[in-house]
Protein chains: 2
Amino acid sequence: MKAAVFGTGMVGRTIAARLVELGHSVTMGTRDPEATLARTEADAMGAQPFAGWAAENGDVTLARFADAASGADLIVNATNGGASLEVLTHAGAANLDGKIILDIANPLDFSNGMPPTLFVKDTDSLAEQIQRAFPAARVVKSLNTMNADLMAHPGQLADPGTVFVSGNDSDAKETVTVLLKDFGHQDVIDLGDISTARGTEMLLPVWLRLWGALGTPAFNFKIVR
Amino acid sequence: MKAAVFGTGMVGRTIAARLVELGHSVTMGTRDPEATLARTEADAMGAQPFAGWAAENGDVTLARFADAASGADLIVNATNGGASLEVLTHAGAANLDGKIILDIANPLDFSNGMPPTLFVKDTDSLAEQIQRAFPAARVVKSLNTMNADLMAHPGQLADPGTVFVSGNDSDAKETVTVLLKDFGHQDVIDLGDISTARGTEMLLPVWLRLWGALGTPAFNFKIVR
């Protein structure tokens, strides 16, 4: 598969590296590739400057959002939730038509301090906002309920837990489900249409509290039944 | 323990019966015991009229909210979330002082149809509203993340999953944790203070979608780590 990964932070890098590891062709999207490669400071999450990471991951290419999207079958939205709509608009609706957008972002709002709140919830979701903004794209919400390491390598946990998919297009959900299983996920639950992403995005507040209570982000939700 | 269970619907009945089964003394609270016993119709959830259930559960007594609370060490709030503050006010703050309020209700709002939304979320929670309204009570949020049968008999599932507790009073959380283990819960996670109830109350939207996707309410969240 030809994949574009939007977002050059820790989450985007982890997904990009995993896709390459599985034999996919990956272009990472950014606003200004030269500026991204020129950064010399660690990002807010402590990730090394992109150029250093890119040097160690030579199979991943970097391009403007539109160029990355135009050649891709799958676009992974690993941007900050608050920037996702703007970034996808930069990519250009025509470059997203018919494409699968695997939306792994969360609508976190850090403007009121920690813990963050959600800027959309309960009656709408980030995934639905993206689907409404790009009606010809096929949005699938998934992976947003765990940390990046577990998204890509769930087998780190003795029991990897459950991953959810939400979306209006069955074929797109099936393609994503195959990819999730390639990543190592074993229990994939199809919750239904894209509005079910409200539920998984609303898992973030308890996820953040669990991180605090357990002292590690190496945990996942599992649906026992 | 002397327990008062507020709410005479399916959830309250299930908890009351389980407490009796474990040897506790249980009084169920209602606004008007005569009126509750005089009902001849099944309730909105299809539960048989209370009098029939009470006849089969002779060890459970019925009293006005205030009378039920005054003699109890533990008050279980199994009312509809939208009615909880009013019901607890009926019980009288003096009857709640120093008592543990085990809040198992959810702030569900059915006024906009199905699926219900939450009338408080993310920046506040029903549990916090109760704690603020009755500052001398010791509110513990728990059990609200699963259906009533599993609250009381989690061993129905081969793996019972996880139950969460939130509250400001460590002793109250410890008492509730012992009770939860008596119910059959094995994995109890203390999330922290009462504000962490925001996270567990926000699990309801995905719980409702999972019920739809799985076709059964016989499932639970488990935190694998």
Side-chain angles (χ1 to χ4, degrees), chain A residues 107-109 112-113 115-125 145-147 150 154 156-162 164-166 186-193 195-225, chain B residues 107-109 112-113 115-125 145-147 150 154 156-162 164-166 186-193 195-225:
Chain A
L108 294 177
D109 175 4
N112 297 306
T117 53
L118 302 178
F119 64 75
V120 59
K121 60 208 164 228
D122 203 15
T123 55
D124 196 9
S125 59
T145 56
M146 67 196 77
N147 95 321
L150 290 175
Q156 286 174 71
L157 294 178
D159 181 340
T162 299
F164 308 99
V165 293
S166 302
Q186 295 168 12
D187 185 32
V188 184
I189 296 182
D190 181 352
L191 289 172
D193 69 29
S195 74
T196 63
R198 297 173 195 177
T200 57
E201 292 180 7
M202 287 174 83
L203 285 170
L204 262 286
V206 79
W207 189 92
L208 290 163
R209 297 299 198 156
L210 281 162
W211 185 9
L214 300 174
T216 170
F219 64 86
N220 194 17
F221 299 100
K222 178 183 169 82
I223 305 304
V224 288
R225 68 260 194 205
Chain B
L108 295 177
D109 176 4
N112 298 307
T117 52
L118 301 179
F119 64 74
V120 59
K121 59 209 164 232
D122 202 15
T123 55
D124 196 9
S125 60
T145 55
M146 66 196 78
N147 95 322
L150 290 176
Q156 286 173 72
L157 295 179
D159 180 341
T162 299
F164 308 98
V165 292
S166 302
Q186 295 168 12
D187 184 32
V188 184
I189 296 182
D190 180 353
L191 289 173
D193 69 29
S195 74
T196 61
R198 297 173 194 176
T200 59
E201 293 181 6
M202 289 175 82
L203 284 170
L204 263 285
V206 79
W207 189 92
L208 290 162
R209 298 299 198 155
L210 281 162
W211 185 8
L214 300 174
T216 171
F219 65 86
N220 194 17
F221 299 101
K222 179 184 169 83
I223 304 304
V224 288
R225 68 264 195 200

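All chains are named by letter (A, B, ...) in the order of the sequence lines, taking the proteins before the strands, and each is independently numbered beginning at 1. Keep in mind that the numbers below use all heavy atoms, side chains included, and drop hydrogens, waters and symmetry copies.
Both the backbone and the side chain of B:L118 come within contact range of chain A, with heavy atoms under 4.5 Å apart. The part of B:P160 that comes within reach of chain A is its backbone (N, CA, C, O), which places non-hydrogen atoms under 4.5 angstrom from that chain. Contacts of B:I223 with chain A are made by both backbone and side-chain atoms, with heavy-atom separations under 4.5 Å. For a residue to count as touching a neighbouring chain, one of its non-hydrogen atoms must lie under 4.5 Å from one of that chain's; by this rule B:L214 touches chain A with the side chain only. Contacts of B:T216 with chain A are absent, with no heavy-atom separation under 4.5 Å from either backbone or side chain.
In this structure, A:T196 and A:F164 have side chains that are not in contact, with every pair of non-hydrogen atoms separated by 4.5 Å or more.
Contact count versus chain A (heavy atoms, under 4.5 Å) is highest, among B:S195, B:G192, B:S166, for B:S195. Of the residues considered (B:T162, B:L204, B:T117), B:T117 shows the highest number of contacts with chain A, using heavy-atom pairs under 4.5 Å. Put simply, of B:L208, B:L150, B:L203, B:L210, the one with the most heavy-atom pairs under 4.5 Å next to chain A is B:L210.
In this structure, CG on A:L108 lies 8.0 Å from CZ on A:F119, to the nearest 0.5 angstrom.
With sequence neighbours excluded, the residues satisfying salt bridge (Lys or Arg N to Asp or Glu O under 4.0 Å) with A:D124 are A:R132.
B:D122 has no carboxylate O lying under 4.0 Å from a charged side-chain N of B:R198, or vice versa, which leaves the two without a salt bridge.
You'll find the ring centres of A:F219 and A:W211 outside the 6.0 Å limit.
For residues 210-225 of chain A, the pairs satisfying salt bridge (Lys or Arg N to Asp or Glu O under 4.0 Å) are A:D159-A:K222, A:D187-A:R225, with sequence neighbours left out.
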